[in-house]
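Here's the structure we're looking at; comments come further down.
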Amino acid sequence: MGTKTTTTTGAAIPPAAVDIAWDEAFCSEGANCFRFGRDAEGKAYIGTTGSAVYVTDSIDALRALVSAVKAGAADHLLA
C-alpha cells in the first residue's frame, strides 16, 4: 500500500491532491490519531491527523488488513 513515489535522489514526491471523505479520527492516548477515508473512485485511505501523508489501496485490501489485524497479525507490535 502506498501513494508516494521516490525520485532518484531519494526525495519523496507527495501524492496528487485527492478529494477524500475522512471518517472521524480514532485517537489513543496523546495526540496519535488515525483516520480512514474513501474517495469518489472507491479507494480506501489511512492517514494521521495533522499530516497530508497517507497510504491508499482498494477497499478489498483495507478489508484484508483490518481482518488480519483483528486476527492478531500485528499483536507482536504491541508487546
For F34 together with F26, are the ring centres under 6.0 Å from each other?
no
The reported gap from OH in Y45 to CD1 in I20 (rounded to nearest 0.5 angstrom) is 5.0 Å
Heavy-atom nearest pair, A44 first then I59, reads CB-CD1, 3.7 Å
Y54 vs W22, test: side-chain contact (heavy atoms from CB on, under 4.5 Å). Steps then yes/no.
CA-CA 11 Å; Y54 52 79; W22 291 105; 4.2 Å; yes
Taken to the nearest 0.5 Å, the spacing of E24 CD from C33 SG works out to 10.0 Å
Scanning both residues in full, the closest heavy-atom pair of A25 with T49 reads CB-CG2, 3.5 Å
Smallest heavy-atom separation, T48 atom then R35 atom, equals O-NE, 3.6 Å
Scanning both residues in full, the closest heavy-atom pair of R63 with D60 reads NH1-OD1, 2.8 Å
- Do the side chain of D39 and the main chain of K43 share a donor and acceptor less than 3.5 angstrom apart? yes
Which of I46, L62, L65 passes side-chain contact (heavy atoms from CB on, under 4.5 Å) with V55? Answer is I46
